[in-house]
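The structure appears right after this line, and notes come after that.
All values reported here derive from a predicted model rather than from experimental measurement.
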Amino acid sequence: MSQQPKPDRAFSRRALLQGAAALTGSLLLPGLMNSVYAAGSDAPELTTLRVGFIPLTDCASVVMAAAKGFDKKYGIRIVPEKQASWATVRDKILSGELDAAHILYGELYGLHMGLAGPATPMACLMTLNQNGQGITLSNQLRDAGITDLTALQRHMTTRPPGTYTFAQTFPTGNHAMWLYYWLASAGIHPLQKIRSLVVPPPQMVVNMKIGNMQGCCVGEPWNQRAISENIGFTAATSQHIWPDHPEKILGTRADWVNAHPHTARALTAAILEAARWIDASDDNRRETARVIAGRAVINTNVNIITGRMLGQYENGLGQRWQDAHAMRFYRDGEVSYPWLSDGMWFLTQHRRWGLLKTDPDYLAVAQQINRIDIYKQAAAAAGNVPLPASDMRSSVLMDGKRWDGSDPVSYLNSFSVKQ
């Protein structure tokens, strides 16, 4: 599987450090700010927080913030609560049963826009990870000689629409958008040529095993699990589609943030510290894998998780490689920052596939949802977290199209395959 070139970065290491210095110049002693926040007038309004997660590798920073005690530094206790599906996460966030959640970027934006439930002002506090999802095809397709996108495209031209069923995890979510983008790049219209199912991540492998679908897009460890159980193979990673793409975010309702701004800051700071700790070393990643493999989180063999967390990939067809864009949780703050352009991209794809009927004010919506103000406060509390010089970043996707958020309507109009 070929590796994509590293995307252009919208800022330099120097710019990151300058931004951090400008915000945190008043921090004379490490840890001073968070101790003041925890004990002083800016103390969190809530002390126990129910944070939902789906059993996926990329819930790691939420789980480790509690497991390693980063939450206690900020005067809060994070209680990670495992959820059955992204629809359950949606319902519990909206009802207030959860304070916040590990949630799909596209799902949160869809909720804000009223695409997958009642329109509700939402808030993205930080990005939890980049990369680390995949598109798995069944061994049924492999045995028919279909092992890549080109072969799939040729095969589908000879079959009637709906012959094959592919699954994703939520109608407005990331995995639907990765799957649709991947298929459309080869001229396969995802809403006309395939039958699309919504399947919760933990049920993907068993549904492929019993023949309910021939392909799926899902997060880890379920792609590796399909290989280990000899059910399917990795046809593409999500970082092949968009190197260093945004993935899960720390999300909640806007009114919750407005009512509990100090709590939102403390929660973000604790998870930001956990993300930094995970990315600090391979040993930390191995420890994280051991924790999240447990029954309370993912409930799988730790070896299913560890390899891809370390960037050690196999595709189930005999190829192995060290992935240059494996799952990352922090990477000098580049991962964690809630880039406006990241959120805007999901809006362009919602519009592309007919979920949005008209063009929104892309930038204004992202500015409403992505709470950069809270993130910067959390970065100051955590200390030594670099900040970018701009709220937008630039990337090149698998089809050669550049996305930087500067002209979303022209970007949208550049696609020939759309609804």
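Nearest heavy-atom pair across E314 and I227 is O-CD1, 3.5 Å. Shortest non-hydrogen contact noted between A382 and Y74 is CA-OH, 3.4 Å. Looking at every heavy atom in both residues, C216 comes nearest to F166 through N-CD2, 4.3 Å. What you find for A326 and Y313 is that their closest heavy atoms are CB-CE1, 4.3 Å. Pairing each heavy atom of M64 with each of A274, the nearest pair is C-CB, 4.1 Å. The minimum heavy-atom distance between F233 and S138, with the atom names listed, is CE2-O, 3.5 Å.
Not counting sequence neighbours, Y330 has no partner by the side chain to side chain donor-acceptor pair (under 3.5 Å) test. S85 is linked by a side chain to side chain donor-acceptor pair (under 3.5 Å) to T88, counting only residues two or more places apart in sequence or in another chain. Remark: D91 engages no residue in a side chain to side chain donor-acceptor pair (under 3.5 Å) (not counting sequence neighbours). Not counting sequence neighbours, D71 has no partner by the salt bridge (charged side-chain N to carboxylate O under 4.0 Å, His left out) test. Partners of H262 under the ring-ring contact (aromatic ring centres under 6.0 Å, His included) rule, at least two apart in sequence or in another chain, do not exist in this structure. Residues satisfying the salt bridge (charged side-chain N to carboxylate O under 4.0 Å, His left out) test with K82, not counting sequence neighbours, are none. Not counting sequence neighbours, H112 has no partner by the ring-ring contact (aromatic ring centres under 6.0 Å, His included) test. Applying the ring-ring contact (aromatic ring centres under 6.0 Å, His included) rule to Y180 yields the partners W353; only residues at least two apart in sequence or on another chain are considered. Under the salt bridge (charged side-chain N to carboxylate O under 4.0 Å, His left out) criterion, R225 pairs with E229, not counting sequence neighbours. With sequence neighbours excluded, the residues that form a salt bridge (charged side-chain N to carboxylate O under 4.0 Å, His left out) with E287 are K68. The side chain to side chain donor-acceptor pair (under 3.5 Å) search around R371 returns N258, D373, not counting sequence neighbours. Taking the ring-ring contact (aromatic ring centres under 6.0 Å, His included) definition, one finds that Y109 meets it with Y105, sequence neighbours left out.
Side-chain atoms of W277 and T288, non-hydrogen and from C-beta on, do get closer than 4.5 Å to each other. Between D391 and Q367, the closest side-chain pair of non-hydrogen atoms is not below 4.5 Å. Here the side chains of D342 and Y337 are not in contact, with every heavy-atom distance at 4.5 Å or above. Residues V198 and T169 are not in side-chain contact: their nearest non-hydrogen atoms beyond the backbone lie 4.5 Å or more apart. At a threshold of 4.5 Å between non-hydrogen side-chain atoms, the residues L46 and L49 count as touching. The shortest side-chain heavy-atom distance between M177 and L355 falls under the 4.5 Å cut-off. At a threshold of 4.5 Å between non-hydrogen side-chain atoms, the residues L104 and H175 count as touching. Within the 4.5 Å cutoff, no side-chain heavy atoms of H350 are placed close to those of M113.
Between the side chains of E247 and N174, at least one donor-acceptor pair of N or O atoms lies under 3.5 Å. In this model, no donor atom of one side chain and acceptor atom of the other lie less than 3.5 Å apart for D148 and T150. For the residue pair W222/Q203, the side-chain donor-acceptor check at 3.5 Å is not satisfied. S410 and N413 are not linked by any side-chain donor-acceptor pair at a separation below 3.5 angstrom, with hydrogens and angles left out of the test. Donor-acceptor pairing under 3.5 Å is lacking for the side chains of E334 and Q130. In the model, W242 has a side-chain atom that pairs as donor or acceptor with a side-chain atom of S395 under 3.5 Å. Using modelled atom types and a 3.5 Å distance limit, the side chains of S394 and R402 yield a donor-acceptor pair. There is no side-chain donor-acceptor pair under 3.5 Å between Q133 and T237. Side-chain N/O atoms of D399 and S185 include no donor and acceptor closer than 3.5 Å.
With rounding to the nearest 0.5 angstrom, the CG atom of L183 is 10.0 Å from the CG atom of L191. Going from atom CG of L94 over to atom CZ of R90 covers 7.5 Å, rounded to the nearest 0.5 Å. Going from atom CD1 of I231 over to atom CE of M204 covers 13.0 Å, rounded to the nearest 0.5 Å. Going from atom NE2 of H260 over to atom CG of D255 covers 9.0 Å, rounded to the nearest 0.5 Å. Interatomic distance, N207 CG to T165 OG1, rounded to the nearest 0.5 Å: 10.5 Å. Distance check: L272 CG to R265 CZ gives 13.0 Å after rounding to the nearest 0.5 Å.
Under the side-chain contact (heavy atoms from CB on, under 4.5 Å) rule, I298 has a single partner from T57, L56, V63, which is T57. With respect to R308, the side-chain hydrogen bond (donor to acceptor under 3.5 Å, both in side chains) criterion is satisfied by exactly one of D323, N223, T234: T234.
Taking 4.0 Å as the cut-off between side-chain N and carboxylate O, R351 and D359 count as a salt-bridged pair. A salt bridge links D244 to R331: at least one charged side-chain nitrogen sits closer than 4.0 Å to a carboxylate oxygen. Salt bridge status for E273 with K73: present, with a side-chain N to carboxylate O gap under 4.0 Å. By the 4.0 Å N-to-carboxylate-O rule, E81 lies too far from R50 to be salt-bridged with it.
A donor-acceptor pair is defined here as one N or O able to donate and one able to accept, closer than 3.5 Å; such a pair exists between the side chain of S341 and the backbone of R393. Using modelled atom types, no side-chain atom of R328 and backbone atom of V335 make a donor-acceptor pair closer than 3.5 Å. Counting only distance, with no hydrogens or angles, the side chain of N129 and the backbone of K248 share a donor-acceptor pair below 3.5 Å. With S414 contributing its side chain and Y411 its backbone, the two residues share a donor-acceptor pair below 3.5 Å.
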*Given E107 and T172, is the side chain to side chain donor-acceptor pair (under 3.5 Å) satisfied, shown in steps?*
CA-CA 5 Å; E107 178 178 9; T172 65; over 6 Å; no
*Passes side chain to side chain donor-acceptor pair (under 3.5 Å), Q239 versus H245? Steps please.*
CA-CA 7 Å; Q239 53 265 34; H245 66 79; 4.7 Å; no
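Cation-pi geometry between K401 and F415 is satisfied (NZ or CZ under 6.0 Å from the ring centre, within 45° of the ring normal).
For W403 and W339, the gap between ring centers reaches or exceeds 6.0 Å.
Other residues, nucleotides and ligands contribute at most 12 non-hydrogen atoms within 6.0 Å of the NZ atom of K209.
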